[in-house]
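The block underneath contains the structure these notes are about, expressed in structure tokens.
Bear in mind the structure is a predicted one, so any value in this text is a computation, not a measurement. A, B, ... follow the sequence lines: proteins, then strands. Residue 1 opens every chain.
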Amino acid sequence: MKVVVKHWHAVASWRWDTGADQAAGEEDDVCGICRVAYEGCCPSCKMPGDDCPLIWGECTHVFHMHCLLKWIGTAASKQQCPMDRRTWVTAERKVAPPA
Amino acid sequence: MATTALRAQVASKWQESFNRLNKNEPGIAGLMRFSQAWEVATEFLRPKDISDPNALKTYNLATIRVAFDVVNQARRLPVMLEVYMDDIRKQQHLITQEVTAHMFRYEQSANPGIVLELVMRLVEWYNAWAPIPELGNTIRDAYTLTFQTHLFSVLPPSFTPGFKALCASTLPPISSDNDALPEANPRMWAAFETLGLFDRYEALIASVVYQHIEAHVLETCAGKWDEPVLPGLRDWMGKKVIKWMFSPYARGAKTTEEATVMLQGPGQRFDFHMSKTLCDLRTKEIFDIVIDYPDSSGALQDLKECLQRVDQRADLVRTLRTANKKRLLHPGADTKDILTQYVSTIRCLRIIDPPGVLLFKVADPIRRYLRERPDTIRSIVASLVGDGESGDSLVDENEPINPLQQPEIEDYTDPNWEPEPIDAGPDFRANKPSDVISTLVSIYDSKDLFVKELQVLLAQRLLAIQDGNFDKERRNIEILKIRFGEAALQVCEVMLKDMTDSRRTDQHVQSQQTFVLHPTIISRQFWPALESSGIVMPGQFETLQKEYAKEFSRFKPDKKLRWLPHLGTVHLEVQLQDREVTADVPPLEAAFIELFSEKNIWTVDDLISRVGSVDRSSALKALATWVDLGVLKEDAENSFRLLEIAEEATPGTRTAAARQAAIDEAPPVAGVQQQQAEQMRVYWKFIEGMLTNLGQLSLDRIQGMLKFAPGYDRTMDQLSSFMEAARMEGLVTIKDGMWKLNR
């Protein structure tokens, strides 16, 4: 017997590849600034995903890009990462080499 | 012993009387003349038995008039009158006989004609005994009074119904269409007048008309709701009843104007009675009228007009409330039907009473009842998005789409401000004629519940879409945005965008490498909680998933896919030795059949262990699908075999039962209640934490502390039932109102 799939309408959800591999059912990671899940969107956005991307720091901390830029824009920030008070340096994301 | 003086006095009196009677005629000629005149007059006046032909004589009126003159001149008229009245009293037994005889016949035959005969006969008697008009009104009145007094005293009880029947027989028959009245009998009404029956039985005559009107209204209007009947009824009144009323009510009117004036009073009364009858009828029918709306708008117009004339609003409210309670608000009624009826009620009562007082009173129990039903919101939302199942949506397509209206605060500076209607209750809210959706949504205090349920429904529908066409959903959301506001439906907007994005992504991925797999990729935060499941797709399905995910990551390097393997559908073809079976099946079914390509015989437990965590009943259901299709066969209990070569289906398998189970398929999207329970589990962590740190706490304290948790919106009651559930599970204990962790 052979099963031939003609068409498969499947459902999947996307999530940011933050490096940390979390098991299904685990609590979602949230942005350290707005406390909204990474897969959600920052308070000033309405659409998640590519419209509200994440930003990675060299310190390995991840935020919604809009949240972080807003923070960096304030004088009080002193250009520091809000989590560890090190000067914020945006990490070059090394895109996983195509397999 | 008479004295001389007395003697003289008697003598002078005698002389005086004699002179008065004798009129200074010679001798006793005057006296003779007087006694002759007396004879003639009393003979003329004496009541005779008119049924005895011998007693009837014709008199020379001139002679009689002279005789009366003589008597009058002698001032003996009062005396004569007394004699006359005495005579009448003596003859009264004749009348009594007549009445008894006629009424006996009437009682035998129940023919109102006999009553008419009696009346006419009585008039004959009356006329025969009546004094001549020359004697003046006093005598005539005295006569009439005596005659009538006697007559009324001898009329038997059966005369009243007889008389009523007689009056009724003069009215036109109700069902006949000809306009002609039964032959009007003016003599009859004149006779009634003569005998004083009219004044005595006025109420009776009116009641005959009332009954006539009632019968007519009931006959012609019951169940006829499509057009207003009131104009027709007025027309009928004008043509038939008014015409009839001329004889009894406008008697003695010389001109038309006079008659009109005389008819006005009774006419008004009859018109009122007609309105009242119609109003009663429609009130009784109101529940069915509401059901039939909009085909019953005529009846509603009538009712509106009647209610303005007849004050029966309270009655209407009471009837409709009772009917609703009895026929609508019970567990047997479908929520959708209740909603439909409620919407019809709104529309109907708005016609009858635009300010909405009646509506408010009637709607209150319905709303309270709907609030208690668990599926009310779902039904409302389903009708909002125009659920395909039932054709008629609650919402009128033509109704303009308006934002939801908030209850208005009264603006007393408005020059056109009007106070609430007088029969408005204390908690009456003058909601200005608002649209149906606003009213429905206002059953609940907040519209958030609707938005949540809407998300769930939208998720179900979007995930069920096969052909990628969701224009209808988009249109619905656009309409609902106008109603609920842009912000509330932001989440739905994201869901729709996910659909378009998925398609675009899929197109890109397919352009790189062709897949039979076409996933819908969702933003999990914005979709209602989808039931999670731990199915692992076996064989080629897993390969497909992995490859697609890889291709996706190449397209969007910073994102990953996480499959929700239990959702979606698979269109596949099973190639067997002697046949091919194509089917559209859920993923679990597909996973199982894929496993059968490894080996031909599987036990249920083995299958389950291969696909991960699936509960047994859904596994059996999935297998039953293939058994139904003739691909598998259950050889032994829990053991299935692939049929490479078709076999006759053996009867008595449990396919039928399994198919039944398949029908009751649970939706893949968790309902609002399930979601709430899910959320509560999060709060349990908080509760557990605070009980660990603080030992024991009262419910108030727990609620107070939970308020600090983000997004916590439960009431005390909800918390209390949750804690109770936790106690059942043995997680906590309660003592003196203090909750404590169970250790």
Greatest number of heavy atom pairs closer than 4.5 Å to chain A - which of [options]:
| options | value |
| --- | --- |
| B/Glu644, B/Gln525, B/Glu580 | B/Gln525 |
| B/Lys559, B/Glu594, B/Gln545 | B/Lys559 |
| B/Lys556, B/Gln577, B/Gln575 | B/Gln575 |

Structural part of [X] lying under 4.5 Å from a heavy atom of chain A:
| X | result |
| --- | --- |
| B/Leu517 | both |
| B/Gln490 | side chain |
| B/Phe515 | neither |

- Supply the atom-to-atom distance B/Leu564 CG to A/Ser13 OG, rounded to the nearest 0.5 angstrom. 5.0 Å

- If you round to the nearest 0.5 Å, how far is CZ of B/Arg524 from CH2 of A/Trp14? 10.0 Å

Minimum-distance pair of heavy atoms, taken over all atoms of [X] and [Y]:
| X | Y | value |
| --- | --- | --- |
| B/Ile593 | A/Val3 | O-CG2, 3.8 Å |
| B/Leu561 | A/Ala12 | CD2-CB, 4.2 Å |
| A/Gly40 | B/Phe526 | CA-CE1, 3.7 Å |
| A/Val5 | B/Val516 | O-CG1, 3.5 Å |

- Task: Would you please go through residues 492-513 of chain B and name the residues with a non-hydrogen atom below 4.5 Å from one of chain A, in numerical order?
- Result: B/Glu493, B/Val494, B/Lys497

- For the residue pair B/Leu572 and A/Val4, establish whether any side-chain heavy-atom pair is separated by less than 4.5 Å.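 Answer no - side chains too far apart.
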
- Query: Quick one: does A/Arg15's side chain get under 4.5 Å of B/Arg562's, heavy atoms only?
  - Reply: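 Counting from C-beta outward, A/Arg15 and B/Arg562 do come under 4.5 Å.
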
- Message: Heavy-atom pairs under 4.5 Å with chain B: which of A/Leu54, A/Val36, A/Asp50 has the most?
- Response: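 Between A/Leu54, A/Val36, A/Asp50, the count favours A/Asp50.
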
- Message: Between A/Lys6 and B/Glu573, does any side-chain N to carboxylate O distance fall below 4.0 Å?
- Response: yes

Are more than 12 heavy atoms from other residues, nucleotides or ligands located less than 6.0 Å from atom [atom1] of [X]?
| X | atom1 | result |
| --- | --- | --- |
| A/Lys70 | NZ | no |
| A/Lys2 | NZ | no |
| B/Arg579 | CZ | yes |

- Fit a plane to each ring of A/Trp8 and B/Trp563, take the angle between them on a 0 to 90° scale, and name the class: parallel (under 30°), tilted (30 to 60°) or perpendicular (over 60°).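 Rings of A/Trp8 and B/Trp563: parallel, under 30°.
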
